[in-house]
Every structure is written in C-alpha cells, then in structure tokens.
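Input: a single structure, listed below in structure tokens.
FYI, side chains are in, hydrogens and waters are out, and symmetry mates aren't considered; it's all heavy atoms of this structure. Residue numbers start from 1 in every chain, and the chains themselves are labelled A, B, ... in the order their sequence lines are given, proteins ahead of strands.
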Amino acid sequence: MFTRNVMPSGRRQYPFHLIEPKWQQSWDFQQTFRAFNPGDEIPHGHPFAQRHELGGWKLSTSELPPKYYILDMFPYPSGAGLHVGHPEGYTATDILARYKRAQGFHVLHPMGWDAFGLPAEQYAIKTGQHPRQTTESNIANFKRQIKSLGFSYDWTREVNTTDPNYFKWTQWIFLKLYNSWFNPATNKAEPIETVAYPPELSGRGAELESARRTHRDSQRLAYVTDAPVWWCEQLGTVLANEEVIDGKSEVGGFPVIRKPMRQWMLRITAYAERLLKDLDTIDWNHSLKEMQRNWIGRSEGAEVQFQISNFKFQFTVFTTRPDTLFGATYMVLAPEHELVEQIITSEQRAAVQAYKAEVARKSDLERTELAKEKTGVFTGGYAVNPVNGEKIPIWIADYVLVSYGTGAIMAVPAHDTRDFEFATKFNLPVVQVVQPPDPNIDWRGFVDDGTSVNSTGPEISITGLPTAAAKEKIGAWLESKGLGRRTVNYKLRDWLFSRQRYWGEPFPIVWKRDANGNVFHEALPESALPLLPPSLTDFKPTVTGEPPLARAEVWVNLPDGLQRETNTMPQWAGSCWYYLRYLDAQNTSAFVGKEAEQYWMGTASSKLQVESCRLDAAATNPATCNLQPATKSTTPGVDLYVGGTEHAVLHLLYARFWHKVLFDLECVSTPEPFFKLVNQGLILGEDGQKMSKSRGNVVNPDDILKEYGADAFRLYEMFLGPLEMVKPWNTKGVEGVYRFLGRVWRLFVDEQSETAFEQAETTTDICSRGCGSAADSRAFTSATTRLLKLIKLSSAIEDKQPTPAQLKALHACIKKVTEDMEGMRFNTAISAMMVFINEAMTWETKPVTVLRDFLILLQPFAPHIAEELWEKMNIQHPTSNIQHPAGLAYAPWPTFDPALLVEDTLEIPVQVNGKLRDVIRIRLDASPAEIEAAARASEKVKPFLDGKTVKKVIVVPKKLVNLVVG
RNA sequence: GCCGGUGUGGCGAAAUGGCAGACGCACAGGACUUAAAAUCCUGGGACCGUAAAAAGUCGUGUCGGUUCGAGUCCGACCACCGGCACCA
C-alpha cells in the first residue's frame with residue numbers, strides 16, 4: 001500500500017497560489033500603479049490621490065509631486081518566452097519603483113515591446129505565418145509571464161514598436177533627421193533649409209537646381225550612400241554587423257560576404273564629440289562609459305601633406321605623432337586608396353595589381369585575423385618629407401585601413417610597433433627620433449613619450465624637446481606653412497540604418513526622376529504617416545537581392561511614376577526613443593506632449609515636497625527628516641535605467657544620438673536621455689555556464705513560480721548577489737528565501753485558522769492560475785477571497801507598546817534596508833529582513849505597529865504576501881491604520897530613529913600587537929583611559945603583556961583597543 | 001595586444017582601514033512524529049591539540065610595501081569573465 005497524492009516538494013509554506021493572483025487582479029482593477037500626466041484628472045479613490053490628497057484634481061506640472069522615472073530595457077518578445085535573466089533587472093527596478101512610491105515620489109514605471117526584428121521574419125519565411133501573428137502571440141505570452149511576477153508597471157502606457165500608432169512617430173523622427181543637417185558652426189542640428197550653398201551653385205536652371213539638391217542631400221543627417229553590407233546567400237538576406245559572428249551568420253552559421261549596396265546612413269559621426277563629452281555629465285558605471293569612449297575612439301593628432309615626387313599632386317596622412325616626422329622612412333597607402341593607380345610605376349604595376357586583387361578577396365575579418373604577418377608592395381612612387389625634403393618610398397599594405405583617418409600613413413618604424421614589424425620584414429630603414437627617458441630602454445620600437453632627437457631640418461628643429469612640446473611646435477610650424485593642421489579623428493563610423501527586410505518600419509521616402517533623368521529621393525509629408533508595410537505572403541528577398549518589400553509592386557509603384565523606398569529600418573530605430581513615448585503614450589498629435597516631456601524628464605520643477613526621509617538628514621536630525629524640497633530631487637532625464645551590458649554600445653549610443661538631435665530641434669528638453677544607468681549581471685545556469693538551449697541549462701521562471709510563487713522568485717533573484725555581478729542560478733537556493741517567507745507568514749497567522757483554511761481548500765473546487773474566461777476569473781476571485789478570509793492573525797499580535805528591544809530590532813532593520821535600497825544592495829537588505837524575522841520569531845507578543853512597519857519594508861520585495869498580511873492587519877487591528885489610508889503600495893516609508901539604536905554598553909575587541917586577544921564589554925561613554933585600563937585588566941590579555949613593556953596604546957573609542965608591546 | 005571587471009568556507013555571499021565568513025544553501029546532530037515530510041533547536045574555515053574542551057598557529061589568487069592594525073590602501077604578478085582589436 002502506498003499513497004499517491006504526496007506533493008512533490010512537500011507542503012506549501014503559505015497559500016501563494018491564491019494570494020498572488022488575488023493581488024495582481026486587485027492592482028489591475030484599481031490601476032494602482034497608474035501614473036498621471038500634468039492635466040490628467042486624478043480619480044478620488046486612487047491610492048496615489050489618497051496618499052497626496054489630490055483626489056478629483058487636474059494638476060499642472062508644478063503642482064504634481066516630484067517625478068521619478070524608472071525604466072527597464074524593454075524585451076524582444078521571442079517565442080521562447082521569458083528566461084530568468086529578464087526578471088533580474090525587472091525585479092530590481094520594481095523594488096525601487098515601489099520604494100520611491102513609498103517615499104512620496106510620483107513614479108513612472110512602464111513596460112513595452114521591442115517587436116520588430118529578424119526572428120519573427122525568419123519564422124514567417126519558414127511557415128508563411130505573418131510576423132504580426134507571431135509577434136502578437138509572443139507579446140501575449142511575455143505579458144502573461146511578466147504580469148505573473150507582480151511588477152508595478154503602469155500598463156496604460158504600454159508601447160509596441162510594431163504598432164502603427166507607435167511607428168508613425170518612429171517614421172516621424174526619421175523625417176526630422178532627414179530634414180536636418182549638422183551645422184559645425186553652431187555644433188548642432190538645424191533644419192535643412194539653413195544649409196548654405198557654395199557660390200558656384202547659385203543661379204537658375206535645372207542643372208544648378210539639381211546640383212543644389214545633390215549638395216543639400218549630402219548634408220542631411222540621413223543620407224544615401226553605397227556601402228558594403230554582409231550578405232548571406234543561404235539565408236537570402238543582408239545581415240547586420242552584430243548578426244555576423246566570426247565570418248558566419250549568427251542564425252545557422254552560414255558564410256557571409258561583403259557586398260556593396262545602396263544604403264541609408266545616419267550621420268552619427270557629427271555628434272562624436274558631444275557623445276563623448278557629455279558622458280561626463282551622466283551617472284553611468286565606469287566600464288560602460290569606457291566602452292562608449294573606446295567605441296567613439298577619439299584621437300588627437302595632425303594631418304600632414306606630402307608632396308609626391310615627380311608629380312603635381314600631394315596626399316594627406318593622419319598621425320598622432322607629428323613629432324616623429326623626421327623619422328618617417330616610408331609611406332603606406334591603403335590598397336584601396338584612390339591615389340594608388342596614379343603613382344604606380346610601370347615596373348611595379350603587376351605586383352601592385354596582384355596584391356590589390358589578393359586583398360580584395362579577403363574579408364575585413366580575414367584581413368585582421370591574418371594580422372600576424374605584415375604584407376605589402378612597393379608602388380614605385382616616392383613622397384617628399386616636408387621637414388627635410390627627403391625622398392621616401394610609398395608602399396601599399398593592408399594594415400592601413402582605408403576607412404580610418406585619411407587612409408594613408410607616414411611610417412615611423414623606430415617608434416611604431418606595426419611600422420617596425422613591417423620595416424623589419426621588408427628591410428626598410430629605421431631612424432631614431434625619440435630618446436626614451438630611461439637610457440636603458442632600447443629606442444627601437446619605443447612608442448611612448450620621450451625627447452626628440454635627430455629632428456633638425458633646414459627650416460625647423462625640434463631636437464631636444466620633450467614629446468608634448470615637440471608636437472606643439474611642429475604642429476604650429478606645419479599650420480603656418482600650410483603643410484598640415486592639428487586635428488582630431490574618431491573611430492566611430494556613420495550608422496548603417498537600412499535593412500533589406502520585411503519586418504521593420506518602411507522608410508517614408510519616395511524616389512523620383514528629374515527632367516535630366518537624375519534619380520533623387522524625397523520625403524513623404526507628415527500627413528502620410530504612418531506608412532504601413534504592404535501585405536505579403538512571401539517574405540523572402542527577391543531573386544535580384546532586392547528587399548522583400550519590392551515584391552509588393554502595387555505598393556512600390558505609385559500612380560505618378562514615383563517609387564517607394566523598399567528598405568526598412570533596423571530594430572534599433574524603435575528602441576531609440578521608446579522611453580519618450582512612455583511619457584505620453586496615447587498622444588495622437590505629437591510623439592510626446594511638451595508638458596508631459598518636461599515634467600517626466602525633470603526640466604520643469606514641482607512645488608510639492610517629498611515627505612520622506614533622506615538618509616543624511618535622518619542620521620543627524622530625525623525631527624526634520626520628513627520634509628525635503630522636491631526641486632532638489634528631480635533629475636534631468638530618466639532617473640534610473642537598468643539593462644544588460646549587451647546594449648552597452650549600440651543601443652545606448654544610438655539612443656543618445658537621436659536624443660541629442662531631438663534636443664537640438666527643441667523636441668526634447670534634456671541633452672541626455674538616461675541620467676543613471678546600471679547594468680545587471682548575467683545569470684548563469686546551475687553549471688556556471690551561460691544559459692542556452694543547447695546546453696540544456698535554461699531555467700524557466702514559470703516552473704519556479706509554480707513551485708515557490710512570485711514573491712520567492714523575486715526575492716531569490718535579488719538574494720543571489722549584487723545586481724551588477726555575474727552569478728550562477730541555484731534552484732535549491734530559492735528554498736531559502738521561500739522558507740523565509742514561510743516564517744514571515746507563520747509569524748503573522750494563527751495556526752489553527754490555517755488548518756481550517758486548508759481543510760476548506762481541499763473541498764473547494766477552484767481552478768488555479770491560468771484559467772481563461774472572465775467568469776472563471778470572477779469565480780476564482782470570490783472563492784479565493786472567501787478562503788483567505790478563514791485565515792486569522794496570530795493572537796500574539798497585539799496593539800501594545802513595543803519594548804525597547806523590539807524597537808531596536810525594527811529600527812536596525814529600517815536603517816539597513818533603507819541604506820541598501822539607496823545603494824541598490826538588495827541582497828543585504830533581504831538578509832537584514834531575515835535577521836529581523838529570526839528575532840521576531842522569539843517574541844512572545846508582537847506589537848502591531850512594529851509588524852506594520854516591517855510589512856512596508858517587505859512590500860517592495862515581496863508585494864503579494866505583504867499586501868495580504870497588511871489587509872489582515874487592517875481588518876483585525878483597524879485603529880492603527882488611520883495614518884496609512886492609501887493602502888500598502890503608497891504607505892509612507894518608515895524612518896528610523898538613531899537614538900533607539902544606541903546601547904549603554906558595547907563590546908570592543910582588545911588586540912595585542914594587532915592580534916585579537918579578548919573582547920571586553922564597556923560603557924558607551926567610557927573614556928580612553930578607562931578603556932585602556934579595562935583592556936590591561938583582562939585575564940586573557942595579561943599573559944601577553946607579562947615581562948614586556950607597553951610601548952604604545954591605540955584606543956579607538958567604540959571600536960577597539962590595541963596594545964603594542966616590545 | 002589594449003581597456004574594464006572579478007578572485008574570500010563544500011556552494012551563493014557579507015564586512016566606513018578595526019572581532020573575516022553576517023544572511024542563505026548544502027551537510028551533520030537533536031526535538032516533534034508510529035514513520036517520513038514540514039517545522040523548531042544546535043553545530044560547523046584549516047591546522048595543532050584534547051576524552052571533550054580551552055589555549056595556540058595559519059587563513060580572503062601570488063609576492064612585496066604602507067600602517068599600531070590590511071579582504072579593504074599602494075606596487076608587481078597570476079587566473080578567470082566581458083569589451084575592443086593593425087585605429088596610425
């Protein structure tokens with residue numbers, strides 16, 4: 001005989017399976033977490049209205065409480081559903097959102113979907129199912145999963161990048177870019193109409209008209225050019241850089257080749273300097289800023305012109321070391337440099353052509369991979385060194401890139417590693433021009449700063465100057481002679497903005513032909529937006545390699561002979577500005593309303609005050625900690641943005657770029673979008689490896705939720721370790737926090753009533769989480785409510801004055817949790833709550849006020865159980881609820897009283913020669929002399945002092961005593 | 001190669017320059033139970049001791065330094081993770 005109905009993992013610690021859906025429904029129904037824009041009417045019954053006494057008002061920006069905008073990187077809703085990495089960041093932001101609400105901030109905490117992109121399109125090509133269908137069902141699944149975690153999002157602001165009401169504005173912003181240029185004089189974007197034309201283009205006539213158009217188009221922030229792109233034959237599509245890994249397609253691992261195609265580009269390079277400089281104004285973590293700095297890759301140097309021997313023309317090189325000009329013993333052009341054809345001598349022609357052909361066969365990747373061994377060919381041409389008139393040979397080599405600088409270098413083998421390698425291989429002369437500061441260091445291959453030597457010519461000498469001064473002097477000389485200029489170069493390239501795909505935003509652009517047959521592009525008017533993609537059944541690119549949109553002939557070919565652009569925008573487009581749409585998601589007349597933008601981005605100040613505690617104020621003067629001027633706490637931009645490092649460069653750089661353009665055009669009011677940014681660390685599988693389907697170590701949140709509930713899941717994700725760290729998942733570890741919630745539950749509830757509840761539950765037929773219909777959910781709600789009412793609070797909870805020990809435990813907990821909240825140290829905040837509960841378990845009577853404050857602390861982390869217990873407290877101890885009419889989600893965050901934390905006596909360690917020998921208990925106000933005496937008196941310490949003299953005594957009051965003996 | 005980050009018990013981790021290992025997992029022992037699960041209590045870095053303790057010694061990747069005192073600060077190195085990579 002054996003029983004079959006034993007639960008696989010034992011008895012449930014508490015009825016989270018009823019509590020969690022109950023409160024999620026309640027929050028949904030009440031719109032508890034809705035945020036209000038300036039001008040919105042705030043309903044009377046809303047808890048936010050009750051907390052701030054604003055019911056029935058329509059408030060202007062300056063009358064609303066101070067904002068706090070806390071943002072998650074919105075997910076791409078894949079078919080695989082959520083994995084445990086997503087909720088890590090989402091839990092952290094949710095905890096802070098709830099904390100800030102409790103502090104009295106007006107919190108904006110939205111969520112949405114980044115839903116354009118390749119997977120849905122690939123799936124469509126395979127199955128013929130329209131990407132919209134896949135996208136919709138994936139979103140539904142993601143939303144269900146995210147909602148089941150109890151996050152406090154304002155769902156009225158949900159955005160979806162594939163919704164025409166959304167991408168209308170993505171297209172609108174593209175038009176802004178298209179219709180603007182970057183004016184270097186003002187260092188900002190301006191309307192394209194302000195472009196000045198060179199004098200030779202003025203005048204009437206079709207030719208000049210066309211020339212002016214070409215000039216204008218070449219200045220736009222969005223422009224067209226022929227650029228090589230990754231083409232994958234097997235997938236029949238063009239791939240983005242990030243979709244190509246080690247020369248193969250990320251999907252399927254097929255080979256890819258570089259193929260030149262007409263592309264739309266965005267002129268992000270114009271913003272390189274501002275993108276770099278403004279990093280100093282924002283609060284991002286150090287390594288992330290470094291990544292952006294490296295990506296932008298600013299380097300200061302000089303452009304120097306070299307005359308070509310026996311020819312009229314000259315060419316320009318970029319160098320960061322103009323001070324080494326006297327050491328240039330040869331020149332190198334990139335093989336693709338346009339001058340190569342003109343300077344090769346007949347005897348070198350064959351060799352140069354062969355080399356160029358060889359290089360052209362290699363992809364960029366192979367060129368860098370084969371970097372070990374330098375290759376190159378002499379062109380036969382010579383250049384003249386402007387400082388000393390020496391003739392030096394011009395080579396071509398693929399270690400010089402046509403896309404960086406001027407595509408040409410002066411080679412100084414003595415002081416550049418690559419040039420040195422090359423010169424060694426091809427037996428080119430090496431001339432010292434820099435003396436290392438340390439004479440023992442070999443000058444050959446010395447690339448750092450030193451002192452110039454052998455650097456004297458007929459007109460200029462820098463011999464004897466340190467590197468910095470030498471650079472300065474020669475730079476000035478070159479400029480005065482018109483031979484060069486000091487300049488700055490960037491690694492950053494313009495942004496390739498078009499994709500040959502179906503599932504993306506169509507460009508609001510048409511192509512025309514003028515009277516002379518010149519093809520040109522023109523923007524659609526704003527009124528034509530949104531421009532919807534055509535409906536297709538075949539989503540593959542055409543046989544000619546044209547984008548899939550070209551299949552829709554009726555859509556492409558307009559009646560008046562115009563043709564639509566068939567490229568689409570990349571996935572980044574929608575994610576570049578979604579944080580702005582959240583501010584005013586329903587606006588049909590603007591991408592974001594001005595008032596809403598200024599309020600939420602913190603450029604309009606609010607008058608009301610945060611009635612909560614600032615730590616520093618509380619620590620020094622608890623009496624004044626309840627009122628802080630709000631204007632000090634508003635931050636320009638998103639207050640906190642949390643997401644993964646994978647977006648460290650591209651998304652975050654692109655979004656900053658768009659934001660700056662919009663700022664220049666006065667569409668937004670802050671120069672930077674994200675004031676503070678935190679990366680959550682990756683969660684690895686239980687085996688310590690990156691989670692992946694192929695390794696079979698993926699943890700599905702649904703399984704954890706079923707077994708332990710959302711509160712335990714949230715708690716565990718935070719208890720794992722510091723947010724920014726990489727850390728392995730361990731399902732066993734969930735048990736720990738789950739047991740903690742069980743202890744919280746048992747601390748509050750009466751055991752007998754729970755037994756009654758359990759009996760009633762087994763005889764009640766309620767369908768669990770996931771039941772579909774409205775009727776089902778109503779039945780669930782009423783059954784749940786009825787059942788949960790059977791559970792009563794423990795009789796040990798009494799409306800009594802807390803003891804000093806109880807107050808001390810509570811206030812220590814408040815202090816620790818509050819401080820850790822500010823520092824986003826959620827793991828240690830949770831451990832502080834565990835410490836509190838472990839102690840509270842031992843109390844015979846539990847004062848209502850103490851437990852109430854604890855629930856407010858617990859609420860951000862484990863909101864469902866906290867709400868349920870809070871509700872029971874309100875029913876059974878209603879009188880103490882008077883000060884919190886708004887409900888738990890808006891109950892004021894408790895403040896701690898430092899006076900309650902001090903003790904009369906404390907233990908301090910006694911060291912002899914820095915080694916711990918005893919711990920003594922001493923009065924708090926004991927003088928140093930008393931402490932020393934007590935330390936010397938210790939029986940454990942005495943043997944270490946015997947026969948020795950005490951040479952020095954260090955007494956750190958309240959900390960330790962150290963006796964130094966000799 | 002360059003830039004950034006991280007190295008602490010069996011494991012996840014914690015420690016304003018001041019008692020290393022809070023909190024939790026796993027483990028062991030005990031209580032409760034007919035039994036198990038759950039729960040509650042107790043223990044725990046290593047070494048050396050001891051009947052058991054106590055005492056003692058060592059211990060935060062390695063080596064050195066500053067300091068009365070270093071996981072923490074400084075210097076050199078090693079390992080792992082992430083990013084960039086012929087950027088002139």
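- A donor-acceptor pair under 3.5 Å is formed between the side chain of A:H415 and the backbone N or O of A:V433.
- B:G69 shows a glycosidic angle more than 90° from 0 and is accordingly assigned anti.
- With both pairing distances under 3.5 Å, B:U50 is matched to nothing as a Watson-Crick or G-U wobble pair.
- Contacts of residues 296-304 of chain A with RNA chain B (heavy atom under 4.0 Å): A:S299.
- B:C68 and B:G29: their P atoms are spaced 50 Å apart (whole Å).
- Separation of the C1' atoms belonging to B:G44 and B:G4 is 38 Å when rounded to the nearest angstrom.
- Residue contacts shown for A:K491 include a base, since a base heavy atom lies under 4.0 Å away.
- In this structure, A:R293 reaches neither bases nor backbone, as no heavy-atom distance under 4.0 Å exists between it and the strands shown.
- Using atom C1' as the reference point in both B:G12 and B:A26, the two lie 11 Å apart (nearest Å).
- The listed nucleotides are B:C68, B:C86, B:U39; the one nearest the side chain of A:Q13 is B:U39.
- A:K425 contributes a side-chain N or O that, together with a main-chain N or O of A:K374, makes up a donor-acceptor pair within less than 3.5 Å.
- A:E724 comes within 4.0 angstrom of nothing in the nucleic acid, heavy atoms only.
- Nucleic acid contact class of A:T320 (heavy atoms, under 4.0 Å, all strands): sugar-phosphate only.
- Regarding contacts with the backbone of B:C25, every side-chain N or O of A:K732 stays at 4.0 angstrom or more from both OP1 and OP2.
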Give each protein N/O atom lying under 3.5 Å from an N/O atom of nucleotides 2-12 of chain B, with the pair distance.
unit_1: B:G12; atom_1: O2'; unit_2: A:L720; atom_2: O; d: 2.6

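- Between the side chain of A:K815 and the backbone N or O of A:P898, no donor-acceptor pair lies under 3.5 Å.
- Residue contacts shown for A:N827 are limited to sugar-phosphate atoms, with no base heavy atom under 4.0 Å away.
- Residue-level contact check: A:F836 touches neither bases nor backbone, having no heavy atom under 4.0 Å from any strand.
- With both ends at atom P, the span from B:G71 to B:C58 equals 13 Å, rounded to whole Å.
- At a threshold of 4.0 angstrom between heavy atoms, the contacts of A:V964 are confined to the sugar-phosphate backbone, with no base atom among them.
- Within the structure, every side-chain polar atom (N or O) of A:R825 is placed at least 4.0 Å from both OP1 and OP2 of B:A14.
- For A:N838 and B:C23, the shortest distance from a side-chain N or O to OP1 or OP2 is not below 4.0 Å.
- Considering only side-chain N and O atoms, A:R746 lies nowhere under 4.0 angstrom from the phosphate OP1 or OP2 of B:A38.
- Using a 4.0 Å heavy-atom criterion, one finds that A:V956 contacts the bases of the nucleic acid, with or without backbone contacts as well.
- Note on A:R12: every side-chain N or O is 4.0 Å or more away from OP1 and OP2 of B:U39.
- The distance from atom CG of A:N913 to atom P of B:C19 is 17 Å, rounded to the nearest whole Å.
- Counting non-hydrogen atoms under 4.0 angstrom, A:K915 reaches the backbone sugars and phosphates but no base.
- The same atom, P, is picked in B:U67 and in B:A13; the two are 35 Å apart, to the nearest Å.
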